[in-house]
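Each remark here refers to the structure printed beneath this line.
Both ligands and their constituent atoms are indexed starting at 1 by order of listing.
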Amino acid sequence: MSNKTDKIDLMKTNIYNDWLETSINNGYINYYNYSEFKNLKPIGNGSYARVSRAKWRNTDGFFALKTFNNDKITLKEVVNEIKLQKELIPNDNILRFCGITKIETEKKYSLVLEYADSGTLKNYLSKQFNELDWNDKYQLSFQLASAVAFLHECDIIHRDLHADNVLVHQKKVKLADFGLSKKIAEASSNTSKIFGVIPFVDPKKLNDQGYKLNKKSDVYSIGVLMWQISIGRQPFSNDNYDVSLSLSIVNGKREEIIDETPTIYSDLYTECWKTEPDERPNMHKVVLILKSIIFPDQYIKINNSNEDNLLQISLDINDGSNINYDSNINNGQDKNDDLNVNGDPDKNDNSNIDDDLNLNNCIIPKIDILQESLDINSGSNINDDLNINDHPSTNNISNINDDLDINNYSMSIHPSIQRSSISYINDGSNDILIIDSLQDQPDWTVILKSNRSSIASIQTRLSKDSFSSIDKLITFIIEKHDKGITFDQIQQQIEQKILQLDLINGFVYWLIGNQGEPKYNWLFGLFYYYGIGIEENYIKAFELFLKAAENDYSIAQVYLAKCYNDGYGTEEDKSLAFTWFHKAAGNKSIIGQFYLGYCYEFNIGTKNNENKFIEWYQKAANNGNTTAKLYLANCYRLGKGINKNENKAFECYKILAEQEITDAQIQLGNCYHEEINKVQAYNWYEKAANNGNIIAKCILEQCYNIKISTKKNRNMKIKIHKKLYFKGLRMIGINYYNGTRIKQNYEKSFYYLQKAAENENKNAQYYLGNFYRDGTVVRKNTRKAFILYQKSAEQGFLEAQIELGHCYNKGIGTEINESKAFELYKITAIKGHLDAKYQLGYCYDKGIGTEVDKAKAFELYREAAEKGHITAQDNLGPFLHRNIEADLDIVTFNSIIIDKKI
Ligand SMILES: Nc1ncnc2c1ncn2[C@@H]1O[C@H](COP(=O)(O)OP(=O)(O)OP(=O)(O)O)[C@@H](O)[C@H]1O
């Protein structure tokens, strides 16, 4: 080895040593004084470390001290292991990392770990196997699978699962070394290591050393471990672990199923060890099935079906989830990789330890993301009268037994829901309830998601308060709509209300058994429509709305009309949309009155109604509907359908602005802006921005050079996570979308975009919005597209801002709101967006959201045409001929048409 290499190695070693020192000094890692450990007893040696058992000070229990060689590879992996460990939420089946100690005499660090009193699973099985019954074996498998599923949830792939890496303490599985040994092995290219564990290695890897181990590789190893747990000995114990065995496994050789093994268990592990990764279940499914084996009473047995069906049901659970979840991840970056890629001094000798330290935040517990998304949603722009007193009495909660009693649960609801039709699955973090095949509606399968606490509270409440609570919820929603909350604003309010009542699944569950009245049909449909507490399903939503609407339930008529208007769960039919809005309005639905006016204004399913919309807006406004008031005010401002009356408009905006209607706050700001009262204008824009209005934020940015932060208390972890992890995902996603491999990789692209969008990547949100708008890969959902554009626009993404303008202009996923469309086009045109300039010109030309101003229209058309906007070029000629009297710049016009050969 040259001197130079020696120096680099030394530098690297120092970097990791420094990192450890720094982490100890700043309290990131617990430090244990080595001299305070007593009764040290060696318990094992691995390839890279020796392990001792020890007591610390006068504490009762033992710790395990794992001491490594201090070479650079090992140290690097130890650092990575610590980072991974530190960021994981503690899990009962994962060996706890307690801290670090240093043997000063040897200048070596030791990891201080939880001690597992039964040693490795291999040892445990060899000693205890005869004591174990099937239930014990299922438990071991279940705990092991849960631990791996947990890692997968955190995007960590173990890659080295075998019976020596699984420890057992007090009959409990403790998974160890998930970030460590394989990295050392890989880094040191130690091929003998792989031979020691051949039966557990994914055959794809055995066949191709370049194959990248992935989540499905872990599933394979779990399958083999489940087999080992069933028999108590190592797989292929009579064979040499050599190339020949390896080849046989690649060619399909597997261990024999032990005779007395219950089929459901052997079916599961044989599924896991299938050669093709795509044919293996994901870990989540493995856990669910094991859970169903352990608690058979709590599981669905449709049509008294056998265990095979049960397996099938469990396997179906995730079918509606992310596309190719696991197989995508295989090709993407897992957390372990991130640690390597970003902090790998081997690849970048200049990398500094700060970068590495940042990586500590890479593993984001799901709960953080969830929390963040709850924060995002909290920017309601309408005064919310959620009453804290509505919260259900919680005095019974403390008495609730944590274990759900399915018997009481189902019987107290409805006789049509049979005990056998209910299943309850706990996957460790989330509980999933499955209710299948109601007697009178055999084709209905309902999947509910819940957490344990909400299930517990359902138990206490359903029998007593359900009627009044559900009726309260119905009243709440109708009142909100009547007051002016539109479709795109209501979901958040419903969710808040239900969350506040802590009854999300309770409602759905109750509704399934109580479908006798139109109001409950509608509410059930609403849950399907918005996907609240239940899988989103437009067809079912539509059917339920239709049923309730035909029974003259006016709010259902409004929703049915909305379905026809947008083509949700049915063919788009504007004329039927109009018919049902009309019926609802006739039925005295206030929101129905507003929407009828809206149909008249924008010629939805009806034509040539002149100024009828004013009449209906007026009616709804008189009944207290703020959206109708706002639309009416816009009409007064522009003289649309009514004599222009700017004072009246101003007064209206003022009243609404004071009621925190953000669109009115903007309009009021505009009024003041025009009067050159900048202070007042700023005041109102700022109020709207603080209420979450995106347009106001953009105006403030453009006119006042002020940025309103979107999310206060933004979680640092999310930022770093986004920066380091989703940067890559986003690029892959977008590259696939725009790139040459577009066809075959749509799904992959969709998956990455979805992940990145969930983590607030504005580009991803925009592109995903396009997917939903166009119905590419995923079922068309303009409402989702609109929400995604909103999120992206809020973060300042220009393309999303203009797309949002189109949504308001055409009513895509939201109500047509020409004033908002105009504002957005204005904002994006100023930023130089070519299409925005054309669209803004069109607004001035036709009086969309603003007064007609042909001169401005011409300027904008001209600019867009000059810069190559095809439609602007096409429209400029006809526009000028139409508006010749408008004293426009004919010379310029002529030069353009000569230039472009129009
Ligand atoms: N936390 C622990 N509690 C109890 N025993 C442990 C603990 N950690 C390790 N051991 C024992 O020490 C032995 C060596 O562990 P180590 O993790 O170093 O190596 P390994 O995982 O068995 O092998 P390799 O590092 O080559 O993959 C194990 O086989 C086990 O018997």
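- With a heavy-atom cut-off of 4.0 Å, A64 touches ligand 1 through its side chain alone.
- Not counting sequence neighbours, the partners of K172 by the side-chain hydrogen bond (donor to acceptor under 3.5 Å, both in side chains) test are D92.
- Only the side chain of L95 comes within 4.0 Å of ligand 1, counting heavy atoms alone; its backbone N, CA, C and O stay farther away.
- Inclusion of E114 in the set of residues having an N or O under 3.5 Å from an N or O of ligand 1 is warranted.
- For the residue pair T275 / R254, a side-chain donor-acceptor distance below 3.5 Å is found, with atom types taken as modelled.
- Taking a cut-off of under 4.0 Å to the non-hydrogen atoms of N45, the atoms of ligand 1 that pass are 14 (C).
- Under the 30°/60° scheme for interplanar angles, the aromatic rings of H169 and Y115 are found to stand perpendicular.
- A 4.5 Å side-chain heavy-atom check between W227 and T270 finds every atom pair outside the cut-off.
- Less than 4.0 angstrom separates some heavy atom of L167 from each of these atoms of ligand 1: 1 (N), 2 (C), 7 (C), 8 (N).
- Between Y32 and F37, the ring planes are tilted. Angles from 30° to 60° get that label.
- No N or O atom of H162 sits closer than 3.5 Å to an N or O atom of ligand 1.
- If you look at K66 next to ligand 1, the close heavy atoms, those under 4.0 Å, all belong to the side chain.
- Using a 4.0 Å cut-off between heavy atoms, N165 contacts ligand 1 through its side chain alone, with no backbone atom that close.
- Between Y265 and W134, the ring-plane angle classifies as perpendicular under the 30° and 60° cut-offs.
- Residues passing the ring-ring contact (aromatic ring centres under 6.0 Å, His included) test with F236, sequence neighbours excluded: none.
- For a threshold of 3.5 Å applied to N or O pairs, the pair formed by I43 and ligand 1 contains no separation below that value.
- Using a 4.0 Å cut-off to heavy atoms of T120, the atoms of ligand 1 that qualify are 28 (C), 29 (O), 30 (C), 31 (O).
- Side-chain contact between Y220 and R280 is present, with at least one heavy-atom pair separated by less than 4.5 Å.
- If you number the atoms of ligand 1 from 1 as listed, the ones under 4.0 Å from a heavy atom of Y115 come out as 3 (N), 4 (C).
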